[in-house]
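Worksheet: the structure to be examined is printed underneath.
Everything numeric in this text was worked out from a predicted model, so none of it was measured. A, B, ... follow the sequence lines: proteins, then strands. Residue 1 opens every chain. Computed over heavy atoms, backbone and side chain alike; hydrogens, waters and symmetry mates excluded.
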Amino acid sequence: MNRRYALSSLLKTGIVAGAAAGLGGVAGYFSSRLVAERSPPVKEAGVKPIRIGFQVHRTGIGAPYGFWYERVANAAVSYINRTGGIAGRPVELIAEDDETSPAKGAQVVERLVLAHNVDFILGALFSDVVLASGPRAGELKRPYFAVSEGTHVPFGLLNRWCFQPGITDVPGQVTAVAKWIFENLGRRVAMIFPDYAFGHDHRDALTRAAERYGARIVEKIPIPPGETSFTKYFTRIPRDIDVLYHVMVGDVLTFVRELGVFLGRDRPELFGFIDSIEAVPLSAPGLEYLEGTYFWEGFPRYADGYDTPYSRFYRESVGVDENGADKSDPSRVSAYSHMFGVWETLFVIKEVVEQSGYSEPRREDYELFVNSLEEMDWFNEGLWHPQGDKLFNGRLHQSFGHQFISTVRNGRLVVIHRTKIEDSLYEHANDYTKQPLF
Amino acid sequence: MRPRLSNLAPLVIPLLLAAAYPLLPEYPKALAARIMTLSIYSYGYAVCFHMIGVMSLGHAALFAAGMYGAGLYTIHVSPDPLMALAAGIASAVSLSLLLGGLAARVRGPYLMIATLLASQTIYLAALHFNEVTGGEQGLVLEREATLVGVFRPLMAEADARYFISLLTLSAAVAGVSLLSASRLGKLFLALRDDEEKLESLGYNTSLLKLTAFSVSGVLSGASGALQALLYSYVGAGYVGIFNSVEPVLWTLVGGPYVQVGPFLGCLLVNVLGDLARGLPRGHVLVVGVGLVAFSFATGRLGWVYRLLGVSRGREE
Amino acid sequence: MKNRPLLSARRVSKSFGGVQALVDASIEIMEGEILGVIGPNGAGKSTLAGVIVGSLRPDRGQIIFRDSDITKYSRRRRAELGIAHTHQIPRVFPSLTVRENMSLACSRGLGGGTEDGLHETAERLGLGGLLSLKASQLSHGQMRLLEIGMALLSSPRLLVMDEPTQGLAGGEVASLSSILRGLAGKLAVVLIDHRVDFVVSLSERVAVMNLGRFVAVGAARGRDVGLAIEEAYLRWA
């Protein structure tokens, strides 16, 4: 008479069976772990590899970036292994999907350290994943290398075990390009930015730069995350500005189309960050309005934008064509302005391991490693650093480098300026070297 | 209907976990600590789901309230982890009264949607007030201000984390076991069985629902607060729809034995998810496949309605 | 105080969709009396029970309980006033034991039901040996008795019993009769049942319903009632 009772007896049978099977599985799982942990790893010809854990956005919102980050990491590791490895030891890359989720990201760090005992962790791009992972890496005493551009590393939100030597951060990028903007496009600027941390970094850095160079940010227009229509925000753009500065805000095709309709031909100069069209072909319908506007690029998408032997070698190694797309699929545009950071980070690890004499994941070796890395102050341009040379600030754990300014001409990006490193420097009180390492 | 000492038998679970501690290798140890923290949330969910038979799809909001409550207290008020834990629980309980209020007014599928919307509102609020909450990017807590930081002079962080989770889990298991043996627990079951009948015996069923939700809020909030205070991070990534759906599976898989089921279900699903990590979105897959398999096993989706009492005949 | 109305329904109407279940129905229930309500299927008996206990709201009309208008009172407030209900299909809490079911009913404290009272009631209903059994394991008849026991333990002033003999075996009907006889004078009972002999033998007054109206109200063995019963059942037989 009572169906609920029927359910609960069904549940019981199912659950008892399930629980029995489950407990068996759990026991098996833990015992297999036990065995795996206890038995010594098989050594290949007596040379123990350097194990680099790789927290990668294979799925989730970061997947388009993760695809390229993984491609670059594999290319770099393959090159390193072809050319003698790190300190004569082969490199083993242990990649795990973090699902672009902070919870899973932190768990991946735990697994890489505790289950795989990796020597170093090559970390993530998305800020939330980096922020959730950094504390875990710090506690587990394993160097964690973000390739994220976020301010969490330089501004001291993380800890002594977190580094960002392979890519410049947003304040560095903005400080450098702002000087060029004010000198070449004009000093009355309005800015549109997403209303969350990434956008706030832009807002704060551009505001500071404007003070330094005597320019004026006349209007700051934050756009809430998840917004799908932008015209109502465009009404706040003053008429008498020289430059409209825009940063990644939602769907770029809609953004550009609505901007085109709103501003028309009689528009101020437009300066944007490539992030909004990273991995998006410029031939996408609606992007024609970007013709004649300017963009920051981390590393030029089109091969002629920065043509050096090193950049050619790098482009070849990661399988990207002259137009910045996948060689085997020209419709798949790469994350060219960011992914080089993965390449350069791996070579920073190589360089510091070789200089410091690091050999094992243990206290004295990490002391050598971290101290050597913090004493680094310069990375030379070359095969290891194809994007350009970099100044490294050991107190901030952050690199400062050259930035590229491009304009859209005939539907492609043409580099018109490369900033100096000194233009990107800023002051910050953070000093990771004061934190105890252990 | 007075709880007896024998009602505390489920404490064998935390005892086993304590005994297993020296045997576990490092990673399973860390995973076990994580699962213990999460299973407190699972217990919180089971109080609503199994004890009063209310299916909420908004419990992530309670977890989030605990997490943000503890995190923001630490950052803005004072770096005292015990007070932060209390603050987290208090904010979750306040929010649980709202969800409980919904449950007292809305039934069945409508309630699922209402709670879902409530938790999405919390999610959007976390994004919108990102200057305070850190939005999607989240906030990092100073290590010294967290629970593991406090215990650091005494023991290694990994040990502290394991035993703090264990201690809290023990409290949750004991609390839920005593509750289900108590008169209040029997009233919860009666409410699940037949709300109208209970009402016609003169009981205030709305008040009972509010009570169940606030118990649920204490547990879910404690779990969220522990996430902040043991793992030094709070962020909107913990507040999505998926975080509301996960405990549904945990408690379903764990079965109706509310004293042990929430832990066993959470353990099983998370260990399977961990094993499936090689697959794309491994744990999402495990949850999805688990729910579908479970639905078929119990007669397609009938279980939802049965648990909700939707198909129950009335005499008119 | 037998002649004072405990509850009156005044010109109560209730329809479901296009079907009129109660049409301007008025009835009074005196303190301590057993009022039988009989009538063919669809006469409106269960609807009458619903509007008295509060599971249904009448479209028109009033329900007065001891001089106060309780038409808009919830089921719970009516329970607090002392109105109890047993259902056509017995409703108990299947997940709880017999003891727990009864305990929840008396520990509400509406009329001082105690542990002793619980045992005594259980014994009287023949449930004494089943106290530790889950209610879901009871037979239909036992569930019926349990529900009655729960209603009695809440110490009601008015007990509305909807088809209490439905599904009961002959012996069970007999013991139910003796229990109800034992209640005489202690509380008012509205006894709704389709077994005419059962109702007539227990009630002081009988109300005959048909098509949503009271067609006759009178002494159980009176002539009016007898005719009305005949007519109602013949027409619908």
**OP:** Of all the heavy-atom pairs spanning B:Ser200 and C:Arg75, show the shortest one and how long it is.
**Re:** CB-CD, 3.5 Å
Original post:
Between CG of B:Leu201 and CG of C:Asn101, what distance do you get to the nearest 0.5 Å?
Top reply: 9.0 Å
Original post:
Do other residues, nucleotides or ligands put more than 12 heavy atoms under 6.0 Å from the CZ atom of C:Arg10?
Top reply: no
Original post:
Is the number of heavy atoms from other residues, nucleotides or ligands under 6.0 Å of C:Arg57 CZ greater than 12?
Top reply: yes
Subject >> Straight-line distance of B:Lys186 NZ to C:Arg99 CZ, nearest 0.5 Å >> reply: 11.5 Å
Subject >> Flag side-chain contact, heavy atom, 4.5 Å: B:Arg192 against C:Ser95 >> reply: yes
Subject >> Nearest-0.5 Å distance that lies between atom CD in C:Glu147 and atom NZ in B:Lys197 >> reply: 3.5 Å
**OP:** May I ask you to test the B:Leu198-C:Arg76 pair for a side-chain heavy-atom distance under 4.5 Å?
**Re:** no
